[in-house]
Peer 1: 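First the structure, which I've put down as structure tokens, then a few questions once you've had a look.
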Protein chains: 2
Amino acid sequence: MAAQRITIRDVARAAGVSTTTVSDALSGRGRMNEETRERVRATAEQLGYVASAAARNLRLGRSGTIGVYLPNQTVGYDYYTYLSRGAAQEALGHGYALTMIPPWDDAAQLRALHLDALIVSDPSTNDPVMPILRGLPVPMVTCEPDLADGADPAAVIRIDHARSVRNLLRHLRSQGARRIAALTPPTDTGFGVELRESLAVPDVELYDVGFAFVPDELTESMHQVLADRPDAILCTPDGAAAMAMDLLPGQVRVPEDMLFAAYTDTPGLALARPSVTAVDLQPALTGALAVRAALRALGQDLPRGPRRVATELRVRESSTRRR
Amino acid sequence: MAAQRITIRDVARAAGVSTTTVSDALSGRGRMNEETRERVRATAEQLGYVASAAARNLRLGRSGTIGVYLPNQTVGYDYYTYLSRGAAQEALGHGYALTMIPPWDDAAQLRALHLDALIVSDPSTNDPVMPILRGLPVPMVTCEPDLADGADPAAVIRIDHARSVRNLLRHLRSQGARRIAALTPPTDTGFGVELRESLAVPDVELYDVGFAFVPDELTESMHQVLADRPDAILCTPDGAAAMAMDLLPGQVRVPEDMLFAAYTDTPGLALARPSVTAVDLQPALTGALAVRAALRALGQDLPRGPRRVATELRVRESSTRRR
DNA sequence: CTGTTAGCGCTTTCAG
DNA sequence: CTGAAAGCGCTAACAG
């Protein structure tokens with residue numbers, strides 16, 4: 001607690017230089033004698049000096065904080081956990097703190113946080129908090145496009161769903177799939193819309209299921225699906241896959257009688273019996289890219305990331321024909 | 001972005017008072033004419049004034065930020081998601097930001113965040129990051145006790161496992177259980193230790209399974225369990241329950257032939273077939289209490305929370321004898 | 001190449 | 001009950 005008492009002046013005094021020199025030496029700014037810089041660094045280290053974030057932020061007119069919005073519906077979906085962790089890590093590496101923004105409708109309190117930027121993953125047009133967040137005087141980075149009217153994010157991180165879906169379908173076909181049933185998410189988010197577009201091909205039949213699926217609805221959907229006698233099922237909503245597989249009647253074996261795949265990969269899918277083929281959407285990378293885009297929007301000179309996040313197909317037992 | 005240009009002096013000028021008065025009026029400090037206060041408030045609101053967090057933090061010698069450590073092994077466990085959200089919400093309500101601390105071994109960078117306090121849920125004695133976090137000059141609040149030597153948290157939020165287990169066992173017995181097999185978590189955390197202690201009763205047999213369970217190990221454990229012919233299984237590790245139930249041989253029906261319960265409740269357990277009895281450990285409340293304890297440690301005058309977090313038994317199909 | 005100085009916006013004595 | 005002024009610790013102009 002008392003550790004914070006050491007200021008830049010203490011270091012300056014101890015090193016026999018001015019505060020400017022200390023500041024420059026530690027931040028790598030300015031052109032100065034390399035040995036002075038090293039000496040200052042050593043002194044600072046030795047004294048246990050840690051620059052005050054508050055003072056720096058005040059001086060620089062920022063808060064050093066990036067917010068990540070975590071809507072209620074994201075609870076239970078590992079995707080968001082990984083995304084936030086990836087974002088937190090990247091932010092920390094750049095000296096920024098990643099702050100969790102729970103659903104919160106008091107705009108004043110959100111403004112008081114004085115975020116430098118805001119990250120939102122897959123915003124829903126139905127989310128009542130989103131308009132409040134959009135109203136904050138802060139650059140917003142979305143992962144997946146924001147479909148709302150007048151949405152105007154500073155940057156959008158796009159995931160390459162078109163390619164992911166193509167690869168996954170190609171794989172299923174290679175294992176003999178001819179009629180693929182796809183359980184699809186709602187269209188109130190960029191993810192949902194893009195996914196449906198990608199799935200609009202002749203041998204795929206779409207079946208609506210909610211994002212926050214309810215067992216009875218899912219049961220219903222599965223009945224419909226099975227009635228149409230597909231030879232492969234692609235279960236898109238994150239988290240629904242295990243349950244959907246459980247809902248298959250006992251006589252329908254996976255993968256012998258029915259190929260099965262999920263879309264969003266999750267550790268549980270690798271552990272399921274049989275293990276479930278899915279697409280690793282690289283959420284941690286997505287989060288990291290979102291932070292970088294945010295920092296770019298704040299004027300930092302960082303290399304531009306890839307245009308689209310590349311995904312990885314994880315082929316597992318549920319879609320592999322045994323010989 | 002330009003919104004932040006309005007300072008306390010602008011408000012003071014507009015309201016025809018001094019900056020002190022504005023500060024006092026908005027923070028509710030000082031004894032002043034109520035109508036002056038109201039006028040100042042109105043002016044501030046009208047100008048869209050938002051106090052600069054950086055300036056306030058600098059003045060007050062704090063950062064306005066509480067960190068929550070999210071170890072790797074927590075990914076995929078809803079418990080931590082709820083805990084962090086509860087904490088974030090409580091923090092936001094008190095004007096603090098909750099920052100995610102990913103596993104990170106650079107102490108300097110962590111120190112640079114200049115956290116006011118740190119929250120850790122169920123610290124493991126095997127976690128290499130914990131010593132670094134303990135070394136931070138910051139009060140630490142743990143949820144569950146920290147078992148490590150020399151650990152000295154500012155506060156500990158305790159969950160009432162003894163009572164939870166007692167209630168759960170009583171329920172199982174009331175449904176006819178006489179020999180209960182309990183799959184228990186490792187003892188490197190306070191949770192694991194306390195749980196085992198609570199389960200040390202004659203009609204309960206303990207079976208070790210890891211926290212981050214592996215399917216093969218779990219299969220192995222289940223074989224052992226079944227060989228001992230229990231009439232009820234209590235699966236403690238968060239997330240393992242659904243898988244454990246799947247591993248029961250087909251002829252063992254739940255709940256007819258075997259009662260089944262989990263410990264840490266999770267939305268998936270309510271959706272499983274059959275739905276699984278479990279204990280709602282109130283993670284969001286735990287997170288909120290942790291934040292309050294942290295703020296108390298920082299000198300804020302908040303009411304002391306309950307000595308132990310009270311839990312709720314959620315009885316579902318898997319442990320209900322049908323008639 | 002380094003030092004002095006001003007000031008970011010707030011809260012808090014201390015006078016009036 | 002209200003105002004003036006100092007100063008939290010830092011960085012960016014500007015001098016030297």
Side-chain angles (χ1 to χ4, degrees), chain A residues 1-41 43-44 47-65 95 111-114 116 299-300, chain B residues 1-41 43-44 47-65 95 111-114 116 299-300:
Chain A
M1 312 220 70
Q4 189 47 34
R5 310 297 285 274
I6 296 133
T7 92
I8 197 170
R9 299 163 87 120
D10 299 323
V11 179
R13 208 171 307 133
V17 295
S18 79
T19 58
T20 310
T21 308
V22 175
S23 178
D24 287 351
L26 296 181
S27 65
R29 249 165 305 154
R31 293 167 297 284
M32 67 200 309
N33 199 319
E34 197 48 52
E35 90 184 72
T36 313
R37 172 162 297 177
E38 205 35 66
R39 185 160 49 85
V40 171
R41 279 201 175 128
T43 318
L47 294 181
Y49 167 72
V50 182
S52 153
R56 176 183 287 141
N57 289 334
L58 174 57
R59 182 63 239 253
L60 298 179
R62 54 166 222 192
S63 71
T65 296
R111 247 192 273 277
L113 279 184
H114 208 258
D116 289 334
Q300 289 208 17
Chain B
M1 315 218 66
Q4 189 46 37
R5 309 298 285 273
I6 297 132
T7 94
I8 197 170
R9 300 163 86 119
D10 298 324
V11 179
R13 209 171 309 136
V17 294
S18 78
T19 58
T20 309
T21 309
V22 174
S23 178
D24 287 350
L26 296 181
S27 65
R29 251 164 305 154
R31 292 168 297 284
M32 69 200 307
N33 199 319
E34 197 48 52
E35 91 185 71
T36 311
R37 173 161 296 179
E38 206 34 66
R39 185 161 47 85
V40 170
R41 279 203 176 126
T43 316
L47 293 181
Y49 168 70
V50 181
S52 153
R56 174 182 289 143
N57 290 335
L58 174 57
R59 183 63 237 257
L60 298 179
R62 53 166 224 192
S63 71
T65 296
R111 247 192 272 278
L113 278 184
H114 207 258
D116 289 334
Q300 288 209 17

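Proteins come first, then strands; the chains are lettered A, B, ... in the order of their sequence lines, and each starts at number 1.
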Peer 1: Under a 3.5 Å cutoff, is there a donor and acceptor pairing between the side chains of Thr20(B) and Ser23(B)?
Peer 2: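 Ser23(B) and Thr20(B) do not have a side-chain donor-acceptor pair below 3.5 Å.
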Peer 1: Figure out the CD1/P separation between Ile6(B) and dC8(C), and round it to whole Å.
Peer 2: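 Checked: the CD1 to P distance equals 16 Å.
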Peer 1: Using atom CG of Asp24(B) as one end and atom P of dT2(D) as the other, report the distance to the nearest whole Å.
Peer 2: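 The answer, rounded to whole Å, is 10 Å.
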Peer 1: Expressed as a whole number of angstroms, how long is the span from Asn57(A):CG to dC8(D):P?
Peer 2: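 These atoms are roughly 18 Å apart.
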Peer 1: Closest to the Asn33(A) side chain: dC10(C), dC10(D), dT2(C)?
Peer 2: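 Shortest atom-to-atom distance from the side chain points to dT2(C).
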Peer 1: Near DNA chain D, which residues from residues 10-20 of chain B have a heavy atom under 4.0 Å away?
Peer 2: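 Contacting residues: Val17(B), Ser18(B), Thr20(B).
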Peer 1: Testing the basics here: between Asp116(A) and Ser63(A), what is the closest heavy-atom pair and its distance to 0.1 Å?
Peer 2: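 So the minimum-distance heavy-atom pair works out to OD1-N, 2.9 Å.
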Peer 1: Return the value, rounded to whole Å, for the distance between atom CD1 of Ile8(A) and atom P of dT5(C).
Peer 2: 16 Å
Peer 1: Specify the separation, in whole Å, of atom CG of Leu60(B) and atom P of dT13(C).
Peer 2: 11 Å
Peer 1: Quick one: list whatever passes side-chain hydrogen bond (donor to acceptor under 3.5 Å, both in side chains) with Thr65(A), sequence neighbours left out.
Peer 2: none
Peer 1: If you count the non-hydrogen atoms of other residues, nucleotides and ligands that lie under 6.0 Å from CD in Glu35(A), is the total more than 12?
Peer 2: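 Counting neighbours around CD of Glu35(A), 12 or fewer heavy atoms of other residues, nucleotides or ligands fall under 6.0 Å, so no.
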Peer 1: dG3(D), dC10(C), dC8(C): which one has an atom nearest the side-chain heavy atoms of Thr21(B)?
Peer 2: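 Ranking dG3(D), dC10(C), dC8(C) by closest atom to the Thr21(B) side chain puts dG3(D) first.
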Peer 1: Take the protein atom CG of Leu58(B) and the nucleotide atom P of dA6(D), then report the distance between them rounded to whole Å.
Peer 2: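 Those two atoms, CG and P, are 17 Å apart.
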Peer 1: With heavy atoms under 4.0 Å as the rule, sort Ser27(B) into base, sugar-phosphate or nothing.
Peer 2: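 Here Ser27(B) touches no strand at all.
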Peer 1: From CD of Glu35(B) over to P of dC1(D), roughly how many Å is that when rounded to an integer?
Peer 2: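 For the pair Glu35(B) CD and dC1(D) P, the rounded distance is 13 Å.
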Peer 1: Whole-Å distance between dA6(C) C1' and Arg59(A) CZ?
Peer 2: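 In whole Å, dA6(C) C1' lies 8 Å from Arg59(A) CZ.
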Peer 1: Go through the steps for Val40(A) and Arg37(A) under the test side-chain contact (heavy atoms from CB on, under 4.5 Å), then give the verdict.
Peer 2: CA-CA 5 Å; Val40(A) 171; Arg37(A) 172 162 297 177; 5.9 Å; no
Peer 1: Evaluate His114(A) against Arg62(A) for side-chain contact (heavy atoms from CB on, under 4.5 Å), listing each step before the verdict.
Peer 2: CA-CA 8 Å; His114(A) 208 258; Arg62(A) 54 166 222 192; over 6 Å; no
Peer 1: Think Arg56(A) has a side-chain N or O under 4.0 angstrom from the OP1 or OP2 of dG9(D)?
Peer 2: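 For dG9(D), neither OP1 nor OP2 has a side-chain N or O of Arg56(A) closer than 4.0 Å.
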Peer 1: Would you mind telling me which of Asp24(A), Val11(A), Val22(A) makes a side chain to side chain contact (heavy atoms under 4.5 Å, CB included) with Val17(A)?
Peer 2: Val22(A)
